[in-house]
Structures are given as C-alpha cells and as structure tokens.
Amino acid sequence: MIDQPLLSINNLQVAYGGIQAVRGIGFELYAKQTAALIGSNGAGKSSTLNAIMGLIPASGSVQYNNKNLLLEPAHQRISHGISLVPEGRGIFRSQTVEENLLLGAYRNKNTSNLKHQLEEMYNLFPKLSERRKQLAGTLSGGEQQMLAMTRALMSKPKILLLDEPSMGLAPVIVDQIFELIQKIANNGTSILLIEQNAKRALEIAQYAYVIESGNITLSGNTANLSQDERVRKAYLGEDE
C-alpha cells in the first residue's frame, strides 16, 4: 500500500504586487518525514511557508486531511495540527519563558494537562527549565530559538514548519539546534525545514526540494541531491 502524503501542495502561487514570488509549485510532506526547502535568498522559501500557514494571500491548494487550507482562515492551521517557527523567532520578549510557552498552548484549557505539557518541554529543552521565570528578551539567541521551537510544540503539532532556525547563531549553538530538531523528528513530528545552511539541512532531512526564483527546479532524496553537481556548486560551496 502506497503511503498518502500528510500535506500536499499543488500549483501554489504567491505574488507581491506585480512580483511573482512563488510560481505554481507543488510538493509533498509525509508522516514522520523531515523535508527541506533549499535555495538562495529571495527564492520563495519563506513565502511558501507563510502561504501554507495562511499568513499571506496565495492561490492553488494546500491539501491536508482532505481540506484545502487556503480556503480556511489562518488561525485554523493550529487546530489542524500545523505550527510555524518563523524567521526571527517572534517570541514575546517582555514575557517570561513560561508565559511564552503557555501562549503556544492557548487552545488547551485543561490545567493539569498543561502542566504535563510544560514538563515534557522542559525535559526536551532543559536550558529553558532553568530559565522558566526569566524574561524571554534576556535569553541568548540560541535560547530564544529553542523557546520559539518549544512554544510551537506546545500545540502538539503533527507538522512543524521551521524557517531558518540556525540564522545568526554561533556554530556550536547551531549544532545544538539541529540536535533538537532531530529529537523532535524522532518523536514523530513531520518537519518542513527552510535552512540557509544547505549542508546541515540535507544531513537532517530525508527528502529535499530546490527552489529557485519561485520554481522547484530539483527534488529527490537527500543522499542523491547531496551528490548532484548543481547542488554541490550552488549550495554546498564545492567545485566540480
């Protein structure tokens, strides 16, 4: 029996004024899969995630549970089990770590269940447990990224969208972030990852799509794409 995709994108188009940022792309994400979108700045990667999340106008279809999410309001994505960790993290800097996490679970009104969720997250991200009463704006860049990821997980998503999780972080912190992404994947969450560090993205994902000027130009399992001459030259910094 052939597995059905968890998320299926067809003819997705995004335009800003007269500029076509995403040009009718299509791809799929399967249960318990990590897939990566790689490409240069301005290629349409973030626009794709924002369109899936309903944050910008788009046409085409984003099929999930036999529904086209583009026909539904943006806030429904959370209730459907899709969460986004945006580029720039988007944490609430003047609130504590724990207050940020509780906002991620705002739909859950069960107090005892919330406590259990918090403890699960603190076990996954021990550094945040030590800083639970600390203002989020006083955390380091890496800790803020951990907080943004944890807040998204508080809604118990089936699909996690990650937009540039390693941006602006020191190499040792990048290693920690990718270890955490792997932990999340190992727990069964499907991940759609955008990452400028194409080498790390290809290492952690099972499948990848190359997007250029709003079009998907290459796709395949990451083992094969990592050996593709075009990918090696354009995104891995390797000569022929």
Side-chain angles (χ1 to χ4, degrees), residues 2-10 12 21-52 62 82-87 141-142 145-146 148-149 152 157-240:
I2 299 174
D3 288 340
Q4 293 298 310
L6 189 60
L7 189 71
S8 183
I9 286 82
N10 295 289
L12 184 68
V22 179
R23 302 171 179 270
I25 66 172
F27 62 92
E28 296 170 335
L29 180 70
Y30 289 82
K32 301 182 180 180
Q33 181 188 53
T34 298
L37 277 179
I38 62 173
S40 59
N41 287 333
K45 304 186 305 295
S46 292
S47 294
T48 298
L49 290 200
N50 289 332
I52 292 170
V62 175
I82 305 174
S83 287
L84 169 69
V85 180
E87 181 182 343
Q145 185 62 52
M146 291 178 194
M149 291 165 61
K158 293 184 177 68
I159 297 174
L160 184 63
L161 310 178
L162 292 174
D163 194 348
E164 302 287 6
S166 77
M167 180 177 284
L169 301 179
V172 65
I173 306 300
V174 171
D175 289 343
Q176 294 174 17
I177 293 298
F178 274 90
E179 285 174 13
L180 293 171
I181 294 171
Q182 189 62 65
K183 279 186 183 179
I184 294 167
N186 290 345
N187 285 339
T189 303
S190 297
I191 297 173
L192 182 56
L193 170 68
I194 288 176
E195 177 53 58
Q196 276 293 313
N197 189 332
K199 184 175 185 295
R200 298 302 297 266
L202 293 173
E203 287 172 351
I204 203 168
Q206 293 89 48
Y207 206 87
Y209 301 88
V210 176
I211 184 167
E212 299 175 330
S213 302
N215 295 294
I216 289 178
T217 56
L218 285 171
S219 65
N221 69 63
T222 50
N224 290 338
L225 276 185
S226 296
Q227 300 305 314
D228 187 285
E229 181 182 301
R230 293 162 292 180
V231 172
R232 292 169 72 93
K233 284 186 67 178
Y235 302 110
L236 302 181
E238 299 178 12
D239 294 327
E240 296 182 52

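Sequence positions, counted from 1, serve as the residue numbers for this chain.
- Between D175 and R200 there is a salt bridge, since a side-chain N of the basic residue sits under 4.0 Å from a carboxylate O of the acidic one.
- Residues I177 and M146 have side chains in contact (heavy-atom distance under 4.5 Å, counting atoms from C-beta outward).
- Side-chain contact between M149 and I181 is present, with at least one heavy-atom pair separated by less than 4.5 Å.
- For F178, there are no ring-ring contact (aromatic ring centres under 6.0 Å, His included) partners at least two apart in sequence or on another chain.
- With rounding to the nearest 0.5 angstrom, the CD atom of Q33 is 10.5 Å from the CD1 atom of I159.
- Residue I38 forms a side chain to side chain contact (heavy atoms under 4.5 Å, CB included) with just one option from V210, L225, L218, and that option is V210.
- Proximity of I82 to P157: side-chain heavy atoms (C-beta onward) are nowhere separated by under 4.5 Å.
- Side-chain contact between K45 and D163 is absent, with no heavy-atom pair separated by less than 4.5 Å.
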Could you please spell out the steps behind the side-chain contact (heavy atoms from CB on, under 4.5 Å) verdict for T48 and L192? CA-CA 11 Å; T48 298; L192 182 56; 5.6 Å; no

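- Counting heavy atoms from C-beta on, the side chains of E87 and L49 never come closer than 4.5 Å.
- T222 OG1 to D228 CG: the interatomic distance, rounded to the nearest 0.5 Å, is 12.5 Å.
- Going from atom OH of Y207 over to atom OH of Y30 covers 8.5 Å, rounded to the nearest 0.5 Å.
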Exercise for the section: Show the numbers, then the answer: is there a salt bridge (charged side-chain N to carboxylate O under 4.0 Å, His left out) between E203 and K199? Expected result: CA-CA 6 Å; E203 287 172 351; K199 184 175 185 295; 2.7 Å; yes

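- Across L161, L29, L84, a single residue satisfies side chain to side chain contact (heavy atoms under 4.5 Å, CB included) together with I52, and that is L161.
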Please report the C-alpha distance between Q182 and T34 in whole Å, then the side-chain angles of each, then the deciding distance to 0.1 Å, and finally whether the side-chain contact (heavy atoms from CB on, under 4.5 Å) criterion is met.
CA-CA 9 Å; Q182 189 62 65; T34 298; over 6 Å; no

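- You'll find the side chain of E195 reaches within 4.5 Å of the side chain of P165, heavy atoms only.
- Looking only at side-chain heavy atoms (C-beta outward), E179 and K183 stay at 4.5 Å or farther from each other.
- Checking side-chain atoms of S8 against main-chain N and O of E28 turns up no donor-acceptor pair under 3.5 Å.
- Summarising the geometry, atom OG belonging to S40 is positioned 7.5 Å from atom CD belonging to Q196; distances are rounded to the nearest 0.5 Å.
- In this structure, L236 and L202 have side chains that are in contact, with non-hydrogen atoms separated by less than 4.5 Å.
- One N or O on the side chain of S190 and one on the backbone of K32 form a donor-acceptor pair closer than 3.5 Å.
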